[in-house]
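To keep things clear, I will list the structure first and then write my remarks on it.
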Amino acid sequence: MEQINYTKCLIIGGGPAGFTSAIYASRANLQPILYEGIQPGGQLTTTTEVENFPGYPDGVSGPQLMEDLRAQARKYGADIRNGEVTGVSFDRRPFTVTIDGTTDITAETVIIATGATARYLGLPDEQKYMGLGVSACATCDGFFYRKKTVAVVGGGDTACEEALYLSTLASKVYLIVRKDHLRASKVMQSRVLDRENITVLFNTNTTGLFGEEFVEGAHLVEFLGTDRERHFDISIDGFFLAIGHKPNTDVFKPYITLDDAGFIVLQGNTQSTNIEGVFAAGDVADPRYRQAVSAAGTGCRAAIDAERYLLEH
Ligand code: NDP
């Protein structure tokens with residue numbers, strides 16, 4: 001069957017935001033096309049168990065949750081495809097979006113739901129223990145570390161927030177900070193420094209992780225490159241990265257207004273971007289909450305915004 005490359009609604013991104021947009025848009029008869037990128041299912045596929053997505057009282061694995069959302073979108077007719085957006089032209093409507101440098105899709109509206117990518121240190125051990133003690137989301141995975149010892153890397157608000165959250169579950173939390181100070185807001189700093197079971201390791205970098213199957217500890221170095229350089233190990237069960245997220249917005253930069261960190265700026269209390277007819281949903285426009293359920297919520301809003309836009313134009 002010949003592939004149709006025109007749609008009333010093109011959804012870019014196959015995470016909870018994109019699939020929720022697809023469910024709403026297909027039920028509104030917009031016959032959406034959705035492109036999943038290089039990581040189909042998005043960040044959730046790197047999580048093992050999801051226990052905070054409403055409707056799953058017994059929890060659900062990240063990949064299963066994404067499979068359920070994908071099946072629900074497909075059931076109402078969403079055309080789900082694989083491919084990466086390599087170029088966009090938002091100068092005039094209908095918009096043109098290029099996939100894999102070869103296929104042009106023409107779309108009356110576009111919903112950008114490309115998510116954000118957690119930053120990692122770049123250690124080979126992070127990959128080795130991914131899902132086996134390494135995580136970039138304390139809210140998602142903290143529950144598995146009740147009464148255990150964990151480390152959080154980073155010195156910003158996210159790191160402090162994650163350390164504080166984990167300190168209510170774990171018996172001991174190390175906060176590994178590469179500088180001699182925290183970058184986080186003063187109030188977060190004092191909360192962390194006042195919390196009895198959080199130990200802040202300033203001037204410290206991680207060089208590796210160790211453990212039989214799961215993470216059992218981290219190799220650290222203090223005062224790297226100075227005459228006070230000291231190598232030591234800590235015993236931990238979990239290693240949480242909180243060194244920022246990079247929103248996946250590079251390809252949209254020429255057209256879409258972004259904030260200093262690269263997140264899409266929304267207009268008023270809507271999911272509209274600065275370009276009429278182009279909407280955004282999920283982590284790509286959310287430096288603050290970054291939860292699967294909040295991404296799904298904004299995916300719903302973006303589809304409703306797109307539907308109303310089409311009715312008005
Ligand atoms: P930030 O960019 O603010 O902080 C990143 C932290 O990670 C910094 O301490 C940085 O160190 C450290 N870091 C970066 N790379 C490395 C590395 N390779 N090795 C070790 N450490 C590293 O990111 P956040 O996610 O914390 O915050 C993003 C934005 O969201 C901020 O504006 C923040 O204020 C906001 N936010 C607000 C919250 C709230 O108001 N409740 C909650 C969470 C976030 P260094 O300082 O040395 O550069």
Side-chain angles (χ1 to χ4, degrees), residues 43 46-47 52 115-130 134-142 150-168 173-195 198-209 215 217-226 229-234 236 238-250 257-266 280 282-295 298:
Q43 291 178 72
T46 61
T47 310
N52 55 8
T117 309
R119 292 183 200 274
Y120 287 84
L121 296 172
L123 303 171
D125 287 341
E126 287 169 319
Q127 293 307 318
K128 182 173 168 193
Y129 295 104
M130 187 64 67
V134 171
S135 167
C137 179
T139 323
C140 319
D141 298 328
V150 297
V152 177
V153 184
D157 280 314
T158 303
C160 288
E161 210 168 62
E162 308 249 285
L164 286 165
Y165 175 72
L166 288 166
S167 73
T168 62
V173 179
Y174 292 102
L175 184 59
I176 303 171
V177 183
R178 65 178 173 184
K179 291 203 176 124
D180 65 355
H181 61 271
L182 292 164
R183 181 201 285 221
S185 53
K186 289 282 173 244
V187 56
M188 292 301 270
Q189 292 191 25
S190 7
R191 278 188 205 148
V192 162
L193 296 169
D194 290 348
R195 188 62 60 91
I198 299 181
T199 299
V200 184
L201 303 172
F202 287 108
N203 304 300
T204 303
N205 284 285
T206 312
T207 54
L209 301 168
V215 168
H219 302 299
L220 305 182
V221 53
E222 194 185 22
F223 297 115
L224 181 67
T226 71
E229 183 169 313
R230 178 175 76 94
H231 292 257
F232 62 105
D233 291 347
I234 53 171
I236 50 169
F239 184 75
F240 288 84
L241 282 308
I243 59 172
H245 282 74
K246 185 184 180 312
N248 301 319
T249 48
D250 287 352
T257 305
L258 309 176
D259 70 10
D260 291 344
F263 289 90
I264 292 177
V265 176
L266 298 175
D283 287 10
V284 75
D286 175 14
R288 191 179 172 89
Y289 300 105
R290 297 196 307 259
Q291 298 301 301
V293 66
S294 52
T298 56

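The structure displayed is predicted, hence computed values, not measured ones. Just so you know, ligand 1 is whichever comes first in the structure, and atom 1 is the first atom listed for that ligand.
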Taking all non-hydrogen atoms of both residues into account, name the closest pair between [X] and [Y] and its distance.
X: L164; Y: S167; value: O-OG, 2.6 Å
X: F263; Y: H245; value: CZ-O, 4.3 Å
X: L175; Y: G154; value: CD1-O, 3.4 Å
X: L209; Y: D125; value: N-OD2, 2.8 Å

Could you tell me whether [X] and ligand 1 have an N or O pair separated by under 3.5 Å?
X: N205; value: no
X: P287; value: no
X: G155; value: yes

Heavy atom of protein inside 4.0 Å of [atom], strictly below:
atom: atom 8 (C) of ligand 1; result: yes
atom: atom 43 (C) of ligand 1; result: yes
atom: atom 2 (O) of ligand 1; result: yes

> Do any N or O atoms from the side chain of D283 and from the backbone of D286 form a donor-acceptor pair under 3.5 angstrom?
Replying inline: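 Not at all, since once roles are kept as given, no pair shorter than 3.5 Å links the two residues.
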Please state which protein non-hydrogen atom is closest to [atom] and give its distance, to 0.1 Å?
atom: atom 19 (N) of ligand 1; result: L121 CD2, 3.3 Å
atom: atom 36 (N) of ligand 1; result: D157 CB, 3.7 Å
atom: atom 25 (O) of ligand 1; result: T158 OG1, 2.6 Å
atom: atom 23 (O) of ligand 1; result: G244 CA, 4.0 Å
atom: atom 41 (N) of ligand 1; result: E161 OE2, 3.0 Å
atom: atom 12 (C) of ligand 1; result: I243 CG2, 4.0 Å
atom: atom 4 (O) of ligand 1; result: G156 CA, 3.7 Å

>> Test of understanding: with ring pair (Phe, Tyr, Trp, His ring centres under 6.0 Å), list the residues that count as partners of H219, not counting sequence neighbours.
In response: F210
>> On a heavy-atom basis, I'd like to know which of H245, E162, R178 is closest to atom 16 (C) of ligand 1.
In response: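 Residue with the shortest heavy-atom distance to the ligand atom: R178.
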> For atom 48 (O) of ligand 1, which candidate among R119, R183, H181 holds the nearest heavy atom?
Replying inline: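 That would be R183.
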Could you check whether any side-chain heavy atom of [X] comes within less than 4.5 Å of a side-chain heavy atom of [Y], counting everything from C-beta outward?
X: V293; Y: N52; result: no
X: I243; Y: R178; result: no
X: Y289; Y: T298; result: no
X: F232; Y: T204; result: yes

> Taking only heavy atoms of K179, which atoms of ligand 1 are found under 4.0 Å from at least one of them?
Replying inline: 45 (P), 46 (O), 47 (O), 48 (O)
> Can you tell me how far the CD1 atom of I176 sits from the CG atom of L220, to the nearest 0.5 Å?
Replying inline: 4.5 Å
> Taking non-hydrogen atoms only, is I176 closer than 4.0 angstrom to ligand 1 via side chain, backbone, both or neither?
Replying inline: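 Answer for I176: neither.
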>> Checking contacts here: is it the side chain or the backbone of R288 that comes within 4.0 Å of ligand 1, counting heavy atoms only? Could be both or neither.
In response: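 Side chain only.
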